[in-house]
Amino acid sequence: MSTDPLILSDRPADRVARIVLNRPAKRNAQNTRLLLALDEAFREAARDDTVSVIVLAAAGPDFSAGHDLAESEQEAVLATRPSRVWSAGTGGAAERIMAYEREVYLGLSEQWRNLPKPTIAAVQGRCIAGGLMLAWPCDLIVASDDAVFVDNTVGMGIPGCEYFVHPFEVGVRKAKEMLFTGDPISADDALRLGMVNRLVPAARLESEVVALAARIATRPLLALRLAKQAVNAAADAAGRSSVLETAFGLHQLAHSHNLAVHGQVIDPAGVDARVRRP
Ligand code: ZN
């Protein structure tokens, strides 16, 4: 079990592990500590043979407000990760940003997407930018009918969050609209677009997700693993992996540009108080 209070773990049903983002006072904004603890919890559930399905949920009214833009300890926290592979964070500015984001943002999201067990995200309230990077890697998404999905990064001078699968999640045209405008995608629209599997009233989100997970968990684990791998292969054959890499390079160009022009990796004018409420 995770020992970091930012992440809680329990077993709400037979063969079901549930991992809960537990930073509700910050709307589950993701700092490095939270993301590394989340990764540890995912890995633990993945290697536990008594677990067939992993649920990712969040405490409080919002799933996640995204990356914690106020964090100042990224490198110090990442330095504690024994499996760190991309330098020690001592490169120049552009390299340091790229290395951190490849390992912690893109790297972890992609690793969770490829976990060899079914995963289900339970999303309520706001799921903003980095929040998408937790929900989208999951195999299924069940949302409460008050959920909204937002990528507001263009306003901050960034062409989308680091896990760039928007066209695969909502379609090409809607992906452009969500990025160009920064407007939320409602739960109803998310269902219609196939971005979420089911909508439920907020009060029933937890029970419905656990029931769905428990039902899937009765089925043969190897077949579940292989079915997941086959569907993931279809998305990758459709270009998902190369889009991720292309978009990540463009994303890093934008960070370098912002650093040169604004002295920081994002355009501060675009930090939107409406969606980043404290
Ligand atoms: Zn970034």
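One-based numbering, in listed order, for ligands and for the atoms of each.
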(message) Could you work out, with salt bridge (charged side-chain N to carboxylate O under 4.0 Å, His left out) as the rule, every residue matching Arg47, not counting sequence neighbours?
(response) none
(request) May I ask you to decide if the ring planes of Phe42 and Trp112 are parallel, tilted or perpendicular, using 30° and 60° as cut-offs? (result) tilted
(request) Can you see which heavy atom on Arg11 is nearest to which on Thr50, and at what distance? (result) NH1-OG1, 3.3 Å
(message) When you compare the side chain of Glu177 with that of Lys174, does any pair of heavy atoms fall below 4.5 Å?
(response) yes
(request) Please report the shortest heavy-atom distance between Ala143 and Val196, naming the atom on each side. (result) CB-CG1, 4.3 Å
(request) With 2.8 Å as the limit, jot down which protein N, O or S atoms are around the Zn ion (ligand 1). (result) Glu101 OE1, Glu101 OE2, Glu162 OE2, His251 NE2, His255 NE2
(request) Work out which heavy atom in Leu205 is nearest to a heavy atom in Val142; give both atom names and the distance. (result) CD1-O, 3.7 Å
